[in-house]
Amino acid sequence: MSSRATVGPGPGPATGPPPGAGSPDDGPDPAEAADPASVMAPVGGGAGAAGSGDGGQGRAASGRVGEEPLSRGQLAAEVWLLLGVSLGMSGIFALIRYIGAVTRGPVRGQVAQLNGSYAPGRPWLDLALQLAGLLSDVLPAALAVYLLSRHGGGLAAIGLDGRRRGRDVAFGAAIAAAVGGAGLGLYLVAWHSGANLTVAPSGLPDVWWRIPVLLASALENAVTEEVIVAGYLLVRLRQLGWGDRRALAASALLRGSYHLYQGLGGFFGNVAMGLLFGWLFQRRGRVGPLIVAHTLIDAVAFVGYVLLVGRVSWLPTPG
């Protein structure tokens, strides 16, 4: 789900922390790319780190010939900075919003609105702001790919090298089919128990661009979250020497943290999703299927809400 959300007693304009910026990079030729295990090798391991003379700190393999390798400290700082201008900061905002919600009163009667209007009554200005917001939100993913292209294998390191597109799409669709229904069920249980806010996936006006913007938002969410949380972060943590289980837990908790504004159901549901998606990436080394699955899950949630709100009794609605 989108981090561009607002929490309150009713619908309102969607807001969120300003993300960072970066520029995409094509990375290495797919034909020359290493396998996922090699690009995720720990810093300081293997022949590339032998005799580095850095006092035991270790050096990462250089991304390109002639580039200065990164130390553990530099890699760790890179990770913190990237998360600080993207989903890590979204997690802090989500925690603050959740505290505000639980101290306001029963959370079930409050609304966590996604994809709200930025300029009510001014559709063209609203559209321009929506598109600018989507671009701004996806830039941290481009920055993550750029950083990996300099040190870490680029697009090939996270399986976005253009190979196996058909299999990625098919596998992603299968994941979405398995996860989507479970996610809806968990949300309904959490909402009825009073542990979750009422999530309104769309507050956009009924104009011609509403559905296209919702679909674009679903794609943006998927690209940003899967590239950073499943791909970049797990690659970097492996390079820093983290074990797979520890890295998987960190990735899943991060994913849950920036959904906490929805309530405990949103937090724990996304932690579970993060464990599954992170495990799949660790096994397969490809974020392509995860992006497809995440896009389909959010697209169905966003568009389905528009089509069903007020027409079925089982769907929680604001008010």
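Since we're looking at a predicted model, the values are computed, not measured.
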Rounded at 0.5 Å granularity, tell me how far CG in Asp126 sits from CG in Leu204. 6.5 Å

For the residue pair Thr224 / Asp137, report whether a side-chain donor-acceptor contact shorter than 3.5 Å exists. no

Give a yes or no answer on whether the side chain of Arg108 reaches the backbone of Gly194 with a donor-acceptor pair at less than 3.5 Å. no

Looking only at atom types and distance, does a side-chain atom of Ser257 sit under 3.5 Å from a main-chain N or O of Leu254, one as donor and one as acceptor? yes

Verify, without hydrogens or angle tests, whether Asn270 (side chain) and His259 (backbone) share a donor-acceptor contact under 3.5 angstrom. no

Would the distance check show the side chain of Asp161 and the main-chain N or O of Leu155 forming a donor-acceptor pair, the cut-off being under 3.5 Å? no

Quick check for you: to the nearest 0.5 Å, what is the distance between Asn115 atom CG and Asn221 atom CG? 7.0 Å

For the pair Gln262 (side chain) and Ala94 (backbone), establish whether a donor and an acceptor sit closer than 3.5 Å, ignoring hydrogens and angles. no

Return each pair, listed once, that meets side chain to side chain donor-acceptor pair (under 3.5 Å) where at least one residue sits in residues 305-319; pairs must be two or more places apart or across chains. none

To the nearest 0.5 Å, tell me how far Leu307 CG sits from Phe302 CZ. 14.0 Å

Calculate, to the nearest 0.5 Å, the distance between atoms CD1 and CG belonging to Ile228 and Leu233 respectively. 9.5 Å

Give a yes or no answer on whether the side chain of Ser217 reaches the backbone of Val213 with a donor-acceptor pair at less than 3.5 Å. no

Ser202 side chain reached by Arg210 side chain, heavy atoms, under 4.5 Å: yes

With a 4.5 Å heavy-atom cut-off, do Thr295 and Val292 have their side chains touching? no

Could you label the plane-to-plane angle of the Phe277 and His294 rings as parallel, tilted or perpendicular, counting under 30° as parallel and over 60° as perpendicular? perpendicular

Could you give the distance from CG (Leu87) to CG (Leu83), rounded to the nearest 0.5 Å? 7.5 Å

Check whether Glu226 reaches the backbone of Gly231 with its side chain - one donor and one acceptor, N or O, closer than 3.5 Å. no

Ignoring hydrogens and angles, tell me if any N or O in the side chain of Ser251 forms a donor-acceptor pair with the backbone of Ala247 under 3.5 Å. no

Filter on side chain to side chain donor-acceptor pair (under 3.5 Å), then keep only pairs touching residues 188-198, sequence neighbours left out; what's left? Trp191-Thr198

